[in-house]
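Every chain is numbered from 1, with letters handed out A, B, ... down the list of sequences.
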There are 2 protein chains.
Amino acid sequence: MNMNKNLKKAGLKATLPRLRVMELFLNEAGTHFTAEDVYKRFLTEGDEIGLATIYRVLTQFEHAGLLQRHHFETGKAVFELNEGNHHDHLVCIECGKVEEFLDEGIEKRQKEIAAERGFAVQDHALYIYVDCLRENCPNRAAKLSHTKPL
Amino acid sequence: MNMNKNLKKAGLKATLPRLRVMELFLNEAGTHFTAEDVYKRFLTEGDEIGLATIYRVLTQFEHAGLLQRHHFETGKAVFELNEGNHHDHLVCIECGKVEEFLDEGIEKRQKEIAAERGFAVQDHALYIYVDCLRENCPNRAAKLSHTKPL
DNA sequence: AAACCATTTAATAATCATTATAAATTAATT
DNA sequence: AATTAATTTATAATGATTATTAAATGGTTT
Ligand SMILES: [Mn+2]
Ligand SMILES: [Mn+2]
Ligand SMILES: [Zn+2]
Ligand SMILES: [Zn+2]
């Protein structure tokens, strides 16, 4: 079992909440969940795991490098499986769809812009808010909680 | 008086809180304030204006196009005078210094990335978090409230 | 200038996302 | 199975922001 290893390596006991969270993010790699998304998902699956526990586990997993945290400007943080690849996000403000991209040109220019000023880049966040223009977008109905009109 | 005109055009009465806020942002164009920065500034100047009023006025000014709101990932929104020019931000995580930049190459690539997927860009946010590397940085002492270690 | 009235402020409570606390539970170890 | 430190749960607290409502004020009219 791969999940137990991940946890052990991070010095975390294999508890039910942690296993459930890990399982969810592994099963739905590429999906971006808020803490509440995770909480509600477990509720519908019959697992009554406290919201505070979800928050704690998500933060622990982030620190362990298992998850990445992002802030789509909607007031709530979203998490996704850390597959080791940095990328930026396109977020549809109509349906919540998230697509990922990585543009080497943009990455390079960012470093140059900081370097020109004598600054050392620590991190960066680039979010492109779009309308995906798909009226029949499946997401438009079952809107995820991390969507908000600009 | 230019300020009164701005307010009138936005259909807003010229009240003391609004004049003070407008005045502050005009006098310190290019500075990025949180609601609390503004609140405390007025306190030290002897004007006791409620924090809720500051928030309300900032939001009204944003809607009127007089101010721009940004979210440096620190949990609190910052506002600056809207001088009509879109730009992105370099934020020093050590001292809070903010520098602005605009890179046509990056702007163009963002549009292309969205277009490639058939999306219409609505907005975007690009924050580069840096260490300005200036130990003697004046800000490092009088740290602004919108700084936070990553 | 006094009266009028819609707008706005002040004071305060409420809300929302998130974190902290403390008592009860549980996973790993002996 | 007993031990113990880590963890969860339940709940309270926090920080940023928004909502509420009665009192004050700005712009207008008499
Ligand atoms: Mn992603
Ligand atoms: Mn700026
Ligand atoms: Zn969409
Ligand atoms: Zn600095």
Side-chain angles (χ1 to χ4, degrees), chain A residues 1 3-22 32-40 42-43 46-64 66-67 69-79 144-149, chain B residues 1 3-22 32-40 42-43 46-64 66-67 69-79 144-149:
Chain A
M1 36 187 57
M3 290 188 294
N4 277 13
K5 278 214 197 83
N6 283 342
L7 296 180
K8 195 144 283 173
K9 183 160 19 157
L12 299 170
K13 283 192 195 169
T15 65
L16 185 131
R18 286 175 182 153
L19 291 171
R20 283 279 179 286
V21 170
M22 200 67 243
H32 303 78
F33 295 98
T34 66
E36 224 190 334
D37 289 337
V38 175
Y39 174 70
K40 284 181 176 156
F42 290 157
L43 275 191
D47 285 320
E48 177 91 41
I49 298 171
L51 184 53
T53 300
I54 305 287
Y55 271 107
R56 193 170 358 88
V57 170
L58 290 174
T59 301
Q60 289 167 334
F61 283 8
E62 183 199 10
H63 291 149
L66 301 171
L67 297 181
R69 181 195 303 248
H70 308 286
H71 289 94
F72 305 158
E73 328 248 302
T74 172
K76 31 184 87 170
V78 298
F79 298 81
L144 290 182
S145 76
H146 52 74
T147 322
K148 186 183 68 171
Chain B
M1 38 185 56
M3 287 188 296
N4 278 14
K5 277 213 197 81
N6 283 344
L7 295 179
K8 196 145 282 173
K9 186 162 14 159
L12 298 169
K13 284 191 193 169
T15 65
L16 186 130
R18 284 175 183 155
L19 291 172
R20 283 279 178 288
V21 171
M22 200 68 243
H32 303 77
F33 294 98
T34 66
E36 222 189 337
D37 290 336
V38 175
Y39 174 70
K40 284 181 176 155
F42 290 157
L43 276 189
D47 286 320
E48 178 90 42
I49 298 171
L51 184 54
T53 300
I54 305 286
Y55 271 108
R56 192 166 1 86
V57 170
L58 290 174
T59 301
Q60 290 167 335
F61 283 8
E62 184 199 10
H63 290 149
L66 301 169
L67 298 181
R69 182 195 302 248
H70 307 287
H71 290 94
F72 306 158
E73 330 248 299
T74 170
K76 30 184 89 171
V78 298
F79 298 81
L144 292 182
S145 76
H146 52 75
T147 321
K148 186 183 68 170

Quiz item: Taking only N and O in the side chain of Tyr55(B), is any of them less than 4.0 Å away from OP1 or OP2 of dT17(D)?
Solution: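 Answer yes for this pair, as a side-chain N or O of Tyr55(B) is under 4.0 Å from OP1 or OP2.
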
Nearest-angstrom distance from the residue atom [atom1] of [X] to [atom2] of [N]:
| X | N | atom1 | atom2 | value |
| --- | --- | --- | --- | --- |
| Glu73(B) | dA16(D) | CD | P | 16 Å |
| Leu16(A) | dA6(D) | CG | C1' | 16 Å |
| Gln60(A) | dT7(D) | CD | P | 7 Å |
| Tyr39(B) | dA16(D) | OH | C1' | 14 Å |
| Ile49(A) | dT7(D) | CD1 | C1' | 13 Å |
| Arg18(B) | dT25(D) | CZ | P | 15 Å |
| Ile54(A) | dA10(D) | CD1 | C1' | 15 Å |
| Leu58(B) | dT18(D) | CG | P | 10 Å |

Quiz item: 5'-most contact on DNA chain D: Pro17(A) or Lys13(B), nearest heavy atom basis?
Solution: Pro17(A)

Quiz item: Of Glu48(A) and Arg56(B), whose nearest nucleotide on DNA chain D comes first from the 5' end?
Solution: Glu48(A)

Exercise. Answer with base, sugar-phosphate or nothing: what part of the nucleic acid does Ala35(B) contact at a heavy-atom distance below 4.0 Å?
Key: nothing

Quiz item: What is the nucleic acid contact for Thr53(A), judged by heavy atoms within less than 4.0 Å: base, sugar-phosphate only, or nothing?
Solution: base

Self-check item: Heavy-atom contact window of chain A on DNA chain C, given 5' to 3' at under 4.0 Å
Solution: dA17(C) to dA28(C)

[X] [atom1] to [Y] [atom2] distance, which is reported to the nearest 0.5 Å:
| X | Y | atom1 | atom2 | value |
| --- | --- | --- | --- | --- |
| Lys13(B) | Leu19(B) | NZ | CG | 13.0 Å |
| Asp47(B) | Tyr39(B) | CG | OH | 12.0 Å |
| Asn6(B) | Leu12(B) | CG | CG | 10.0 Å |
| Arg18(A) | Ile49(A) | CZ | CD1 | 12.0 Å |
| Phe61(B) | Leu7(B) | CZ | CG | 5.0 Å |
| Phe42(B) | Leu51(B) | CZ | CG | 11.5 Å |

Quiz item: What residues form a side chain to side chain donor-acceptor pair (under 3.5 Å) with Lys40(A), not counting sequence neighbours?
Solution: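 Expected list: Glu36(A).
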
